[in-house]
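These notes concern the structure reproduced below.
None of the values given here were measured: they were computed from a predicted structure.
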Amino acid sequence: MAFTIPDDLAPELYPLAWLVGTWRGYGILTYGETVPEQAVYQEMTFDHDGGPYLRQTSTIWTVDATRSQDLDFEMPGLEGAARLTPAQIWSTETTFWRPVGQEAPADDGGGRGSHAAASGPASKTPITSLELVSADPAGHVGVWEGWIQGPRAQVGTQAVGRTRTAASVTEMSRMFGLVGGELMWTQDMAAFGEEESKSYASGRLGRVESEDDTDPGAALREAIAADEATRVAAEAATAGESSLEQDALSLTDAAGTADTSASGRGESVTASTEAD
């Protein structure tokens with residue numbers, strides 16, 4: 001399905017328009033010995049309220065391996081996500097993207113600073129400067145700067161603040177790209193006492209086209225519901241067996257009582273006969 005720019009999107013956001021929507025897929029988390037390498041389920045949503053900024057909400061889930069299928073990391077994002085069942089939220093974050101000006105790429109494609117790699121010798125697409133602010137419930141806030149040019153963007157933190165009990169994070173950088181209609185992204189960071197930035201997360205996400213398909217927890221709830229139905233059925237079966245066993249014992253006891261009663265009556269009759 002071809003992407004169209006929303007009618008109410010602010011003109012300042014046209015360079016970021018390709019990000020707008022909900023994206024879902026899979027990725028990898030890893031950070032040395034602190035975070036073992038693992039597959040994760042991901043969702044990102046970029047939306048707006050008519051103002052000159054985008055709001056990004058990102059959520060990463062760990063995966064329930066017992067309810068997930070094998071993952072081929074070359075498969076499309078949505079297909080990969082369909083094979084995974086999210087277990088619990090690993091992280092969530094809200095970020096606001098604000099474009100703050102444009103510049104033309106250098107004639108030789110050299111650009112300036114970090115823009116050089118994006119420009120390329122044949123690119124004529126203007127470079128849009130970005131300012132971002134982010135916050136997460138783990139106690140971190142970030143102030144970012146970067147750029148977007150065509151279907152790629154790169155941002156890095158200028159400052160990272162944290163609450164007293166939050167994990168130490170001193171630097172973060174992210175890259176985003178639209179490749180074959182899919183959103184690819186990576187994050188490097190310096191954290192947990194590490195002074196140098198290293199790879200932390202990456203993802204491959206497909207655009208969610210159906211408005212009805214917007215619930216990343218559906219697979220998990222379906223799995224839980226199935227488990228609950230199985231449990232209830234098993235308990236009912238066990239209760240039924242116990243009831244049958246109890247009925248059988250009751251019948252046995254009743255039969256024994258009847259035999260004893262009959263025997264007693266027989267003895268009484270015999271005794272009465274002898275007495276006569």
Ignoring hydrogens and angles, tell me if any N or O in the side chain of W18 forms a donor-acceptor pair with the backbone of Y14 under 3.5 Å. no

Measure the spacing between CD1 of I127 and CD of E103 and express it to the nearest 0.5 Å. 5.0 Å

Heavy atoms only: give me the nearest G80-Y26 pair and the separation to one decimal. CA-CD2, 3.6 Å

Main-chain N/O of S58 paired with T92 side-chain donor or acceptor, under 3.5 Å: yes

State, to 0.1 Å, how close T163 and A138 come at their nearest heavy-atom pair, and which atoms those are. OG1-O, 4.5 Å

Measuring from R83:CZ to L71:CG, what's the distance to the nearest 0.5 Å? 7.5 Å

How close do E235 and R231 get, heavy atom to heavy atom, and via which atoms? OE2-NH1, 2.6 Å

Do Y53 and V133 land in one hydrophobic cluster if side-chain heavy atoms of ILVMFWY residues count as linked below 4.5 Å? yes

Can L9 be reached from I148 by stepping across I, L, V, M, F, W or Y side chains whose heavy atoms are under 4.5 Å apart? yes

If you measure from CD on E171 to OG on S197, what distance do you get to the nearest 0.5 Å? 5.0 Å

Sidechain-backbone polar pair: T157 side chain, M172 backbone, donor-acceptor under 3.5 Å: yes

Kindly indicate whether the side chain of F96, heavy atoms from C-beta on, has any atom under 4.5 Å from the side chain of L54. no

Tell me whether Q42 contacts the main-chain N or O of S202 through its side chain, where contact means a donor paired with an acceptor under 3.5 Å. yes

Atom pair OG1 (T95) and CH2 (W144), whose distance is rounded to the nearest 0.5 Å: 7.0 Å

Taking it one step at a time, do I28 and F73 satisfy side chain to side chain contact (heavy atoms under 4.5 Å, CB included)? CA-CA 10 Å; I28 292 290; F73 288 92; 3.4 Å; yes

Close side-chain approach of P6 and H48, heavy atoms under 4.5 Å: yes

Whether H140 side chain and A167 backbone form a donor-acceptor pair below 3.5 Å: yes

Within the side chain of S129, is there an N or O that forms a donor-acceptor pair under 3.5 Å with the backbone of Q102? no

Check G51 against A10 and note the closest heavy-atom contact, atom names and distance. O-CB, 3.7 Å

Can R98 and E145 be said to form a salt bridge (charged side-chain N to carboxylate O under 4.0 Å, His left out), step by step? CA-CA 10 Å; R98 185 165 63 94; E145 290 184 356; over 6 Å; no

Could you please spell out the steps behind the side chain to side chain contact (heavy atoms under 4.5 Å, CB included) verdict for I89 and I60? CA-CA 6 Å; I89 292 177; I60 296 175; over 6 Å; no

With side chain to side chain donor-acceptor pair (under 3.5 Å) as the criterion, how do T45 and T22 come out once you've worked through the C-alpha distance, each side chain's angles and the decisive distance to 0.1 Å? CA-CA 4 Å; T45 296; T22 296; 3.2 Å; yes

Between F192 and E33, does the side chain to side chain contact (heavy atoms under 4.5 Å, CB included) criterion hold? Intermediate values first, please. CA-CA 10 Å; F192 311 119; E33 297 181 357; over 6 Å; no

Could you walk me through whether R162 and V169 pass side chain to side chain contact (heavy atoms under 4.5 Å, CB included), step by step? CA-CA 8 Å; R162 65 185 179 99; V169 178; 5.9 Å; no

Output the distance between atom CD (E93) and atom OG1 (T59), rounded to the nearest 0.5 Å. 10.0 Å

Can you get from W90 to V40 by hopping between Ile, Leu, Val, Met, Phe, Trp and Tyr side chains that sit under 4.5 Å apart? yes

N/O donor-acceptor pair under 3.5 Å between T170 side chain and A190 backbone: yes

Apply ring-ring contact (aromatic ring centres under 6.0 Å, His included) to residues W97 and F176 and explain how you reach the verdict. CA-CA 13 Å; W97 295 53; F176 300 82; 5.3 Å; yes

Give a yes or no on whether the backbone of T125 and the side-chain of Q149 come within a donor-acceptor separation of less than 3.5 Å. yes

Between Q38 and P36, is there a donor-acceptor pair closer than 3.5 Å when you use the side chain of the first and the backbone of the second? yes

My understanding is that only one of R204, M44, R24 makes a side-chain contact (heavy atoms from CB on, under 4.5 Å) with L183; could you say which? M44

Quick check: does any side chain N or O of Y31 sit under 3.5 Å from a backbone N or O of A191, one acting as donor and the other as acceptor? yes

Using 0.5 Å steps for rounding, measure from the CG atom of L178 to the CG atom of L19. 8.0 Å

R207 bridged to E43 by N-O distance under 4.0 Å: no

Contact check, side chains of Q187 and S173, non-hydrogen atoms, under 4.5 Å: no

Taking all atoms of both residues into account, what is the closest heavy-atom pair of P126 and P105, and its distance? CA-CD, 4.1 Å

Taking V20 as the starting point, is it possible to reach M184 by hopping between hydrophobic residues whose side chains are less than 4.5 Å apart? no

In terms of heavy-atom contacts, P52 and L13 come closest through C-CD2, 3.9 Å

ILVMFWY cluster, V143 and L130 together (side-chain gap under 4.5 Å): no

Would you indicate whether the side-chain heavy atoms of R55 and F46 approach each other to under 4.5 Å? no

Can you find a pair of side-chain heavy atoms, one from L205 and one from W185, that are under 4.5 Å apart? yes

